[in-house]
Amino acid sequence: MYGYFKGIVAEKGLDYCVLDVHDIGYVIKLSPQTISLLPSIGEEIKLYTYTVVREDDLSLFGFLTRDDLSMFELLISVNGIGPKGGQAILSVMSADEVRFAILAGDYKQIAKAPGIGGKTAQKVILELKDKISVKDALGVVSKEIAATPAMEQALQVKEATEALVALGYGATEAAGAVSKVPDKETLTTEQILKNALKYLF
């Protein structure tokens with residue numbers, strides 16, 4: 001129904017924001033991760049949206065990039081994953097990390113999302129593994145928004161994975177090794193690469 005909204009952040013909640021678009025306030029549901037990346041109240045932002053229409057509900061789910069929205073749409077195509085589940089996964093993983101986890105069969109990483117158990121995470125991998133390509137997982141990090149710590153971390157993960165591929169490892173094998181590295185958000189690309197190599201011997 002709506003592709004995106006561009007407006008002023010009027011209010012922030014724990015799981016939503018109110019976006020003022022030409023004096024109309026739209027309540028848009030967001031993950032905690034997305035909320036943490038929003039600009040200050042009074043500043044402008046563009047949010048890509050997915051509209052959920054039910055008999056007793058009309059909700060907007062928002063995302064900072066089109067890539068996140070596309071991954072959300074993939075996730076909710078899985079039987080048993082609703083909009084809240086899709087957003088929960090993207091609250092603990094970037095779109096690229098979800099792709100890496102699916103390619104590597106790392107259901108435990110997906111199961112870290114609130115409300116997502118092991119069986120549901122395995123179902124995500126089973127139903128989406130043929131819809132995710134290695135090219136997608138190694139794609140260029142979106143430049144639709146200004147660089148943020150989360151975006152920088154996604155870029156470092158991408159660079160470390162590409163470095164392993166350049167060293168002769170298979171793309172899926174490389175993605176799996178990188179996904180196992182703990183505390184990636186605190187590491188440089190070189191440190192992620194060094195730690196990932198430990199899982200390849």
Side-chain angles (χ1 to χ4, degrees), residues 31-34 48-52 61-144 150-185 187 189 192-193 195-201:
S31 70
Q33 181 187 46
T34 300
Y48 293 89
T49 56
Y50 182 89
T51 307
V52 175
F61 288 79
F63 306 90
L64 288 171
T65 69
R66 195 181 300 278
D67 187 41
D68 285 341
L69 173 59
S70 296
M71 176 53 68
F72 173 79
E73 291 174 332
L74 263 183
L75 288 169
I76 64 175
S77 73
V78 175
N79 186 28
I81 298 285
K84 289 184 179 179
Q87 197 167 61
I89 293 173
L90 289 172
S91 73
V92 297
M93 305 174 71
S94 68
D96 277 339
E97 287 174 329
V98 176
R99 293 188 183 99
F100 292 145
I102 291 171
L103 286 173
D106 188 0
Y107 75 91
K108 292 182 180 179
Q109 189 69 22
I110 297 173
K112 290 181 180 180
I116 303 297
K119 289 184 178 180
T120 301
Q122 289 175 325
K123 186 182 293 184
V124 169
I125 291 172
L126 181 64
E127 294 190 23
L128 297 185
K129 64 181 180 180
D130 293 330
K131 298 180 181 180
I132 300 292
S133 69
V134 172
K135 183 178 179 180
D136 289 334
L138 298 179
V140 177
V141 174
S142 173
K143 295 182 180 179
E144 294 172 289
M151 296 291 283
E152 291 293 340
Q153 200 256 323
L155 179 58
Q156 290 172 341
V157 167
K158 169 182 171 289
E159 291 175 342
T161 305
E162 288 178 333
L164 289 173
V165 172
L167 289 173
Y169 294 100
T172 301
E173 184 181 21
V178 169
S179 72
K180 294 176 183 177
V181 176
D183 302 319
K184 288 188 285 293
E185 65 277 3
L187 305 178
T189 299
I192 293 173
L193 176 60
N195 281 276
L197 284 168
K198 297 177 183 178
Y199 298 99
L200 293 169
F201 291 105

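One is the number of the first residue; the rest follow in order along the sequence. Please read these numbers as outputs of a predicted model, since none were measured by experiment.
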State the CD1-NZ distance between I102 and K131, to the nearest 0.5 angstrom. 10.0 Å

Closest non-hydrogen atom pair between A174 and L164, with its separation: CB-CB, 3.6 Å

Return the CG to CE distance between D106 and M93, rounded to the nearest 0.5 Å. 7.0 Å

Starting at CD of Q122, measure out to NZ of K108 and round the result to the nearest 0.5 Å. 10.0 Å

Side chains of R99 and D67 in contact at under 4.5 Å (non-hydrogen atoms): yes

If every non-hydrogen atom of A101 is compared with every non-hydrogen atom of Q109, which pair is closest and at what distance? CB-CB, 4.5 Å

Distance (rounded to the nearest 0.5 Å) between L64 CG and L90 CG: 11.0 Å

Excluding sequence neighbours, so at least two apart, what forms side-chain hydrogen bond (donor to acceptor under 3.5 Å, both in side chains) with E159? T189

Shortest non-hydrogen contact from L69 to T49? CD2-O, 3.9 Å

Closest non-hydrogen atom pair, I76 against G86: CG2-CA, 4.4 Å

A160 versus I192, closest heavy-atom pair with distance: CB-CG2, 3.7 Å

Please identify each residue that fulfils side-chain contact (heavy atoms from CB on, under 4.5 Å) with S91, with sequence neighbours left out. S31, P32, P114

Partner set under side-chain contact (heavy atoms from CB on, under 4.5 Å) for L126, not counting sequence neighbours: K129

Looking at every non-hydrogen atom in both residues, tell me the closest pair between M71 and V98 and how far apart they are. SD-CG1, 3.7 Å

Can you sort out the partners of A121 under side-chain contact (heavy atoms from CB on, under 4.5 Å), two or more places apart, ordered by chain and number? Y107, I110, A111, I116

What's the spacing between L187 CG and L193 CG if we round to 0.5 Å? 11.5 Å

Show me the side-chain donor-acceptor pairs of residues 77-84 shorter than 3.5 Å, one per line, residues at least two apart or across chains.
from, atom 1, to, atom 2, distance (Å)
S77, OG, L74, O, 2.5

Give, for atom NZ of K184 and atom OG of S94, the distance between the pair rounded to the nearest 0.5 Å. 9.0 Å

Those residues at least two apart in sequence (or on a different chain) that pass ring-ring contact (aromatic ring centres under 6.0 Å, His included) with F72 are Y50, F61, F63

